[in-house]
J.: 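My structure is below; once you've seen it, I'll send some questions.
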Amino acid sequence: MKGLCILGATGSIGVSTLDVVSRHPDQYNVIALTANTNIAALYEQCIAHRPEYVVVVNAAQAEQFEANIQNSEISTIKVLTGAKSLEFVSTLEQVDSVMAAIVGAAGLLSSLAAAKAGKTVLLANKEALVMSGDIFMQAVRDSGATLLPIDSEHNAIFQCMPSGYTAGDEAKQVRRILLTASGGPFRETPVETLHEVTVAQAVAHPKWDMGRKISVDSATMMNKGLELIEACLLFNLAPEDVQVVIHKQSIIHSMVDYVDGSVLAQMGNPDMRVPIAHAMAWPDRFESGVEPLNIFDVRQLDFAEPSLSRFPCLKLAYQAIEAGGIMPTVLNAANEVAVDEFLNERVKFTDIPLIIEQCMARFSAGNADSLEKILQTDEQARVVSHEIIGNMIA
Ligand code: NAD
Ligand code: MG
């Protein structure tokens, strides 16, 4: 039995993870579940999975949750609150595996704590890796943690890597990676109409059912930009070794091109339970609950090069990784602020890349040599992004 902590249990990835867990009660024991505010969903999860601990980051909601479980069948669950408690549960001795599925920079410290504690880290929270880069990868190496990618593309690449491959190692005999992208809901929308895009349109992804932030990132293709940086870190590659490929059917989840001309692809229905089950059972396999792929229904697979003028966010991600240092941290923070303000209907869809570009112009890459520097940069870039937005809507 492995002890599991799910950071971000109430989100899209968290819910899919618990679905997989419920199919394998003999293999995983849920030790801790965390949520920010959604205590109604968390309550139901606690009834079903009986964790020892829950963390409700929001203090008022934690108090309410505590009151709700009094005299109930789950009254013995220990309820913690505050961001620090996320680090506490992700490093508990009885926890073997940590599903890092908080969205955004809010997940950095708890994911990093799990890495430092030598846990098996199932990494969905790509922003944590993008913003902390080498510091995160070094923490994994130093502690001997096992890092398994959950992002479907990175999980696909990991599956296509030579057997025995460890995340962060040099990818020997690999010529390049083909990182696939669906192209999101606006793959073919006339560029001159993109400024009219509504929140409802942007979060309606054609192939994947995901949280709101990553759905907007998919629509701008910043998601692929973050994934490009994530791939370079996880697989020890230069950006020029990663080719982004628009593949609208989302059946191939990425490919590895070897020096002998072999190209290995991982395919499957677009359902996050596939990469989640892969990482949870690794190095073995078990059932995920996902329908088998019917290739006769798929019929056709298309591939195209992405347009950087249609998707300026992807171009900004290339610029950030090429500049190096703290620039990916700035890119990520500015994107989080811009997307949040788009979701609040304070800025337009097409303002998102403008905000990020202006924010990046206010920083120099320098070195990202300490966690303090990363956290400070993240904070400063958020302040600058809010300033830019303030001027924009004034
Ligand atoms: P989501 O919005 O559905 O869920 C986010 C989770 O994080 C929730 O449990 C929420 O309570 C928690 N959370 C939010 N803000 C928090 C805060 N300040 N402190 C503590 N907890 C907080 O998001 P999601 O779609 O499940 O995505 C989670 C992560 O996984 C993201 O980094 C995303 O990029 C990545 N990812 C998601 C998918 C997908 O299919 N959903 C695919 C690949 C990667
Ligand atoms: Mg992905």
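For ligands, and for the atoms within them, numbers begin at 1 and follow the listed sequence.
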J.: What residue and heavy atom of the protein are closest to atom 29 (C) of ligand 1, and at what distance?
T.: Ile102 O, 3.7 Å
J.: Can you tell me which residue and heavy atom of the protein come closest to atom 34 (O) of ligand 1, and the distance to 0.1 Å?
T.: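 Scanning the protein heavy atoms, the shortest distance from atom 34 (O) of ligand 1 goes to Lys126 CE, 3.2 Å.
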J.: Compute the minimum heavy-atom distance from Met272 to ligand 1 and say whether it is under 4.0 Å.
T.: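 Yes, Met272 has a heavy atom closer than 4.0 Å to ligand 1.
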J.: Kindly identify the option in Asn36, Thr34, Leu123 whose heavy atom sits closest to atom 19 (N) of ligand 1.
T.: Asn36
J.: How far is atom 35 (C) of ligand 1 from its nearest protein heavy atom, and which residue and atom name does that atom have?
T.: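 For atom 35 (C) of ligand 1, the nearest protein heavy atom is Ala124 O, 3.1 Å.
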J.: Using the side-chain contact (heavy atoms from CB on, under 4.5 Å) criterion, which residues pair with Ile74? Sequence neighbours excluded.
T.: Tyr43, Cys46, Ile47, Arg50, Ile69, Ser72, Ile77
J.: Does ligand 1 have any atom sitting under 4.0 Å from a heavy atom of Gly14?
T.: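 Judged by the 4.0 Å heavy-atom criterion, Gly14 does not count as contacting ligand 1.
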J.: Which heavy atom of the protein is the closest neighbour of atom 5 (C) of ligand 1, given with residue, atom name and distance?
T.: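 Sorting protein heavy atoms by distance from atom 5 (C) of ligand 1 puts Val103 CG1, 3.7 Å first.
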J.: For ligand 1, indicate whether the residue Ile214 contacts it via side chain, backbone, both or neither (heavy-atom separation under 4.0 Å).
T.: side chain
J.: Under 4.0 Å, heavy-atom basis, I'd like to know which part of Glu127 is in contact with ligand 1: side chain, backbone, both or neither.
T.: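 The answer is the side chain.
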J.: State if Val57 counts as touching ligand 1 under the rule of any non-hydrogen atom under 4.0 Å.
T.: yes
J.: Which residue owns the protein heavy atom closest to atom 9 (O) of ligand 1, what's the atom, and how far is it?
T.: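 Ranking protein heavy atoms by distance from atom 9 (O) of ligand 1, first comes Thr10 OG1, 2.8 Å.
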J.: What I want to find out is whether Arg382 reaches Glu379 closely enough, with some N-O distance under 4.0 Å, to be called a salt bridge.
T.: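 Looking at Glu379 together with Arg382, the answer is no, because their closest N to O distance does not fall below 4.0 Å.
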J.: What's the shortest distance from atom 38 (C) of ligand 1 to any protein heavy atom, and which residue and atom give it?
T.: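 Nearest neighbour among protein heavy atoms for atom 38 (C) of ligand 1, to 0.1 Å: Ile13 CD1, 3.4 Å.
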J.: Considering heavy atoms of the protein only, find what lies nearest to atom 18 (N) of ligand 1 and give residue, atom and distance to 0.1 Å.
T.: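 The answer is Ala106 CB, 3.4 Å.
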J.: Would you mind checking which non-hydrogen protein atom is closest to atom 4 (O) of ligand 1, with the distance to 0.1 Å?
T.: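 Protein heavy atom at minimum distance: Gly11 CA, 3.1 Å.
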J.: Ignoring waters, how many N, O or S atoms from the protein are under 2.8 Å from the Mg ion (ligand 2)?
T.: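 There are 3 of them.
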